[in-house]
Amino acid sequence: MDHSGRRAHQDHFPTTEAAVAALYAVAAEHGREIEVTHDIGADQTSRRGAAGFGVTTDPDGSLPHEAYAEFGGLPRVSVRLFPEDDALITVEGVVFHDVPRDDVPAFLHSVFGGLAHVRGRSFPPTASLVVPLAGDRTYREHLAAHLLTPWLSSRTR
């Protein structure tokens, strides 16, 4: 364990179901409500639009599993877990594409734990939501100043 009480190594979530279990654990740790919906089968998942009518499996016979989670409270956070081991995370309307599924719990701990912040610059006027992770890794997405919600504004540095 590191000094914050969390494991120093990164967990691996080989399936969408394992990642969903981790989302429930993060929600419980931070006292958040969570609502999860599941889409199972190639005809149900968002990235399988080319699947034929009535086709539910991938060519290897497996069932692709996608999940969408919404967390209660502020900041407003949602996570879409894709079968391809990545996720789309939205924080107060700021979208982070292609986050590896294994990074999702650490990303959420950073957001819910108060480490995420908005980095602003006067000239040229720009702002980014920065989500730091262990090992000097960060996720950063640019945002327009007019999209600053009260929560984002309160996190400006």
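These figures come from a predicted structure and were not determined experimentally.
- Between the OG1 atom in Thr90 and the CD atom in Glu70 there is a gap of 9.5 Å [rounded to 0.5 Å].
- Val111 has its side chain within reach of Pro75: a pair of non-hydrogen atoms, C-beta onward, lies under 4.5 Å apart.
- Residues Val20 and Ala67 approach most closely at CG2-CB, 3.6 Å, considering heavy atoms.
- When hydrophobic clusters are built by joining Ile, Leu, Val, Met, Phe, Trp and Tyr residues whose side-chain heavy atoms come closer than 4.5 Å, directly or via intermediates, Leu81 is grouped together with Tyr24.
- Residues passing the ring-ring contact (aromatic ring centres under 6.0 Å, His included) test with Phe112, sequence neighbours excluded: His30, Phe71.
- For the atom pair Tyr139 OH and Asp98 CG, the distance stands at 9.5 Å (nearest 0.5 Å).
- Between the NE2 atom of His97 and the CG atom of Leu88 there is a distance of 5.5 Å, given to the nearest 0.5 Å.
- For Ala22 against Pro105, the heavy-atom pair with the smallest separation is CB-CG, 3.8 Å.
- Contact check for Val131 versus Val91: no side-chain heavy atoms found under the 4.5 Å cut-off.
- If you take CG on Leu129 and CZ on Arg119, they are separated by 11.5 Å, rounding to the nearest 0.5 Å.
- Here the side chain of Arg32 pairs a donor or acceptor atom with the backbone of Gly72 at under 3.5 angstrom.
- Under the 4.5 Å side-chain heavy-atom criterion for grouping Ile, Leu, Val, Met, Phe, Trp and Tyr, Val95 is not connected to Leu23 through any hydrophobic cluster.
- With sequence neighbours left out, Arg76 forms a salt bridge (Lys or Arg N to Asp or Glu O under 4.0 Å) with Glu92.
- Hydrophobic clustering keeps Val77 apart from Leu115 (ILVMFWY residues linked when any side-chain heavy atoms are closer than 4.5 Å, directly or through intermediates).
- For the atom pair CZ (Arg101) and CZ (Phe13), the distance works out to 9.5 Å, reported to the nearest 0.5 Å.
- Residues His12 and Asp102 share a closest heavy-atom pair of ND1-OD2, 2.8 Å.
- In terms of the salt bridge (Lys or Arg N to Asp or Glu O under 4.0 Å) criterion, Arg155 has no residue partners (sequence neighbours excluded).
- Of all heavy-atom pairs between Ser78 and Tyr68, the closest is CB-OH, 3.4 Å.
- When all heavy atoms of Pro14 and Asp85 are compared, the pair lying nearest together is O-OD1, 4.2 Å.
- Leu74 contributes atom CG, which lies 10.5 Å from atom CG of Leu152 (distance to the nearest 0.5 angstrom).
- Within the 4.5 Å cutoff, side-chain heavy atoms of Val26 are placed close to those of His109.
- Linking ILVMFWY residues whenever their side-chain heavy atoms come closer than 4.5 Å, directly or via other members, leaves Leu108 and Val130 in distinct clusters.
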